[in-house]
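The chains referred to below are lettered A, B, ... by the order of the sequence lines, with proteins before strands, and numbering in each begins at 1.
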2 protein chains.
Amino acid sequence: MKDKFLALIASIIPADHSLSGEAQAHLDDLTKPQGSLGRLEEVALRFVLATASLSPVIKRKMICCFAGDHGVAREGVSAFPSEVTPQMVYNMLSGGAAINVFARHAGVELVVADMGVNHEFADHPGLVKRKIASGTSNIAEGPAMSEDQAIQAMMAGAELAFTAHSEGHHLLGTGEMGIANTTPATALYSVLLGIPVDEITGRGTGIDEERLRHKKEVIRRAVAVNAVRCTTPLGTLAALGGYEIAGIAGFILGAAACRVPVVVDGFISSAGAVAAMKLCPSVADYLFFSHLSNEQGHRSVMESLGARPILDLDLRLGEGTGAALAMQMIEAAVKMYNEMATFSSASVSQKEGE
Amino acid sequence: MKDKFLALIASIIPADHSLSGEAQAHLDDLTKPQGSLGRLEEVALRFVLATASLSPVIKRKMICCFAGDHGVAREGVSAFPSEVTPQMVYNMLSGGAAINVFARHAGVELVVADMGVNHEFADHPGLVKRKIASGTSNIAEGPAMSEDQAIQAMMAGAELAFTAHSEGHHLLGTGEMGIANTTPATALYSVLLGIPVDEITGRGTGIDEERLRHKKEVIRRAVAVNAVRCTTPLGTLAALGGYEIAGIAGFILGAAACRVPVVVDGFISSAGAVAAMKLCPSVADYLFFSHLSNEQGHRSVMESLGARPILDLDLRLGEGTGAALAMQMIEAAVKMYNEMATFSSASVSQKEGE
């Protein structure tokens, strides 16, 4: 398994920057003042370079929502009980969760992946079962999982991306569901990006001041108790992550290997993205950060990565909701690139002096 | 005409804030942590109150792109020649402009209204002809138009909103096309909001430093030469506005009279919105500001209004492009309100202690 994982990482190459001049010239020839579509022009350009095609296409779009439970929930770090993880998976499978609404709205197909929920699900067409274990171990006491399990989860995520690619999806998105998962995500940021726990620990689903203090202490304990294991990105992901977070990291690696851009949802998904970027820096070329989460700390994380998310709507739900909404903007950008008239084709006069 | 105009303004009533408690309770019962969909929850709530319906509906959506020419273009305030106004109208009618791409993408119908272009258009299914005059007079030398003409333009805009309402459009948007129109828009802001010309004058379609200095001087001259006419919102709009800007103001007034929310595009459209708000403060309840324009000054304008636009994508194109994109977010918010499961219906456990 580890060989396959290393081969996956070795197969990822950077975006094709050699197309940059031609793509920019096309953007500049569209009937608008140069640069006037701002960040959508940047999005279109990045999409072209990532897919290495001057005729970018988005036909099918898919979001994979990775679900997992967390041993650290026992420490009382979340406002909701762990039973909500499988309940929300059922809610997604019956179409009633926010991600279902936004995915339908944006024309995005949704797959829910059980990576490590503490519940046995019956078969369901919208569910893929990739359970590594029934929840992680408590990171406040030791590692969340073994490195082998982290690789297993990443390879399962990567396989989902390969399948999506072979089915003709041109844009993928991440989502997650897992009660207590802001805790491992924060611990991962703290180690992988070197950001102080105090700065990035937030209220998750809505905890009060006292529980927030407790959560910070639990995260500091998790980082301390696992310090010896956190000498590599893989070791850190295994020690402090979650099965859904590792699934997201693998999904991103798999998509990048296929040159399929990935829209990263919010606070938790970004932790999967950071893990993937630490394992293979080139994946950054394939990522669109969808939105600036209202979860405290996401701003520090985005600044640390030099990323400016597409949307800023104070969302803090996860599931892939921000990814679904941002996909609409990315699709608009690609359509702009493909469908707008050029100055010459539309007989529109250029800027004076040009 | 003036009587009809005053009757229109008198017919506009504020949003129905009495529904606020029930609407908020519904939002809080949806399967997500309370408030976790952030600004989309605010959008849904405002939509409910504006339309005075606890069962909000968005079936048809329409953007009206108002076009007009400006006498002040003769002062050399724009990077593009005036002939681009009719050229871009033709581009829109043949489907090649950015607004066509984004409107198709967002499922929005587009109407182009000739309010005052210096060109005679043949009949075309996507064009409504409401020309008041072939461009405004030069505001650097005197008033753009008479107050009667401003009222005529506003009533034409209002009639377009009435028609859209009767055709079953539940969400309207504004757009505009008019070479040199950042100049009158800036002059209007300066007088109606009392913001210094230096602070809000920007580069429009992309002028250089020298032309920017010249543009500021032209705007200051326009404000000075018209000062005597700028004692009322109507007088100011007539003296410093444009036919497309007056059309937008009227469109907003007409929509508000029908309780139809309006998505305001960028820098120019916001000037129409400010004029409408000065004529009738209650229209604010029906407005969604779509995006923070990259045109310098829009941030000051939004801050002055206490408004936080939905998107921030560095757009500075106009046409209604930002409105079309923001409509996708508003529609997502309304669908969230309508389609999400509740905690009880989905058997999801509530937050602990609730």
Side-chain angles (χ1 to χ4, degrees), chain A residues 30-40 42 78-81 83-84 87-88 90-91 94-98 100-102 104-106 204-206 294 310-319 321 324-325 328-329 331-332 335-336 338-342 345-353, chain B residues 30-40 42 78-81 83-84 87-88 90-91 94-98 100-102 104-106 204-206 294 310-319 321 324-325 328-329 331-332 335-336 338-342 345-353:
Chain A
L30 302 175
T31 49
K32 58 175 179 49
Q34 288 185 10
S36 62
L37 284 174
R39 298 175 64 201
L40 294 184
E42 292 169 31
S78 174
F80 284 84
E83 70 207 39
V84 169
Q87 287 170 351
M88 283 302 300
Y90 282 119
N91 194 20
S94 59
N100 300 105
V101 176
F102 294 169
R104 286 195 296 267
H105 174 54
T205 48
N294 199 37
I310 295 171
L311 301 171
D312 181 8
L313 296 169
D314 294 344
L315 310 179
R316 52 178 173 85
L317 178 57
E319 298 181 0
T321 47
L325 296 170
Q328 297 191 294
M329 301 297 115
E331 202 171 6
K335 287 180 176 174
M336 172 264 288
N338 287 326
E339 300 177 19
M340 271 185 76
T342 57
S345 74
S347 304
V348 174
S349 304
Q350 295 268 20
K351 194 169 161 179
E352 284 166 351
Chain B
L30 302 175
T31 48
K32 56 174 179 51
Q34 288 185 11
S36 62
L37 283 173
R39 299 176 64 202
L40 294 185
E42 293 169 29
S78 173
F80 284 84
E83 69 206 40
V84 169
Q87 286 170 351
M88 283 301 300
Y90 282 118
N91 195 17
S94 60
N100 300 105
V101 176
F102 293 169
R104 286 194 297 266
H105 173 55
T205 47
N294 199 35
I310 295 171
L311 301 171
D312 181 6
L313 296 170
D314 294 344
L315 310 179
R316 52 178 173 85
L317 180 56
E319 298 180 2
T321 47
L325 297 171
Q328 297 191 292
M329 300 297 115
E331 202 171 6
K335 287 180 178 175
M336 172 263 289
N338 287 326
E339 299 178 19
M340 270 185 76
T342 58
S345 75
S347 305
V348 174
S349 304
Q350 295 268 20
K351 193 169 160 179
E352 283 167 352

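Contact annotation for A/Leu317: both backbone and side-chain heavy atoms come within less than 4.5 Å of a heavy atom of chain B. Residue contact with chain A, scored on non-hydrogen atoms closer than 4.5 Å, involves the backbone and the side chain of B/Val348 alike. Neither the backbone nor the side chain of B/Ser94 comes within contact range of chain A, judged by heavy atoms closer than 4.5 Å. Of the atoms belonging to A/Glu83, it is side-chain heavy atoms, and not backbone ones, that fall under 4.5 Å from chain B. Looking at A/Asp312, the atoms closer than 4.5 Å to chain B (heavy atoms on both sides) sit in the backbone and in the side chain alike. Heavy-atom distances place no part of B/Leu30 under 4.5 Å from chain A, backbone and side chain included. Looking at A/Ser347, only its backbone comes within 4.5 Å of chain B, counting heavy atoms on both sides.
For the options A/Gly95, A/Gly38, A/Pro81, heavy-atom pairs under 4.5 Å to chain B are most numerous at A/Pro81. The candidate with the highest count of non-hydrogen atom pairs below 4.5 Å against chain A, out of B/Ala346, B/Ala332, B/Ser78, B/Ala98, is B/Ala332. No other option in A/Leu315, A/Leu325, A/Leu313 has as many heavy-atom pairs under 4.5 Å with chain B as A/Leu313. Contact count versus chain B (heavy atoms, under 4.5 Å) is highest, among A/Ala324, A/Gly204, A/Ser345, A/Ser36, for A/Ser36.
Atom OG1 of residue A/Thr31 and atom CE of residue A/Met340 lie 3.5 Å apart, to the nearest 0.5 angstrom.
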Practice problem: Apply side chain to side chain contact (heavy atoms under 4.5 Å, CB included) to the pair B/Leu40 and A/Phe102, showing each step before the final yes or no. | Solution: CA-CA 11 Å; B/Leu40 294 185; A/Phe102 294 169; 3.6 Å; yes

Quiz item: Hey, mind stepping through B/Met329 and A/Met329 against side chain to side chain contact (heavy atoms under 4.5 Å, CB included) and telling me if it holds?
Solution: CA-CA 10 Å; B/Met329 300 297 115; A/Met329 301 297 115; 3.4 Å; yes

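Remark: side-chain polar atoms of A/Asn338 are not paired, donor with acceptor, to backbone N or O of A/Lys335 under 3.5 angstrom. For B/His105 (side chain) and A/Met336 (main-chain N/O), no donor-acceptor pair under 3.5 Å exists by modelled atom type.
Using a cut-off of 4.0 Å between Lys/Arg side-chain N and Asp/Glu carboxylate O, A/Glu339 and B/Arg104 are scored as salt-bridged.
Residues satisfying the salt bridge (charged side-chain N to carboxylate O under 4.0 Å, His left out) test with B/Glu331, not counting sequence neighbours, are B/Lys61.
The nearest pair of heavy atoms linking B/Lys351 to A/Thr205 is NZ-O, 4.5 Å.
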